[in-house]
Each structure stands twice: as C-alpha cells, then as structure tokens.
Amino acid sequence: MKISDIRFSAVGGTLCGIWASFSVGDLLNGALTALIGTLVSFLLSKVLNRIFKRK
C-alpha cells in the first residue's frame with residue numbers, strides 16, 4: 001500500500017463520517033438560515049443606500 005492510498009482512505013473515511021453526522025433537517029435548516037440571511041442583508045443594503053443617497 002502506498003502513502004497516497006492511505007491518504008485517500010483517510011480522507012474518504014473522514015468524509016463518510018462527516019456526511020453520516022448530518023441529517024436532512026439540519027441541511028434544510030442551514031439552507032433556510034442562509035437564504036434568510038442573504039435576503040435580510042440585500043434588503044438592508046438597499047434601504048441604507050436609499051437613506052444615505054438622499055442626504
């Protein structure tokens with residue numbers, strides 16, 4: 001077994017372990033939180049741009 005084979009095995013095992021720890025609910029919750037954060041950031045930047053552009 002080469003060193004590169006061992007590295008690929010370790011990386012594959014780590015990724016499988018991480019993947020198994022996530023549930024669909026966690027992924028949906030994260031995606032929804034990211035979407036809401038993006039929308040709030042966009043809207044707030046538009047509102048602040050209009051407020052400071054008028055002055």
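Throughout, residue positions are numbered sequentially from 1 according to the sequence presented.
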List for me each residue that meets side-chain contact (heavy atoms from CB on, under 4.5 Å) alongside Leu35, sequence neighbours excluded, and say none if there are none.
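Expected list: Leu39.
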Does Leu32 have any side-chain contact (heavy atoms from CB on, under 4.5 Å) partners at least two apart in sequence or in another chain, and if so, which?
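For Leu32, the residues satisfying side-chain contact (heavy atoms from CB on, under 4.5 Å) (neighbours in sequence not counted) are Ile36.
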Between Ser41 and Thr38, is there a donor-acceptor pair closer than 3.5 Å when you use the side chain of the first and the backbone of the second?
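Here the side-chain-to-backbone pair does not exist.
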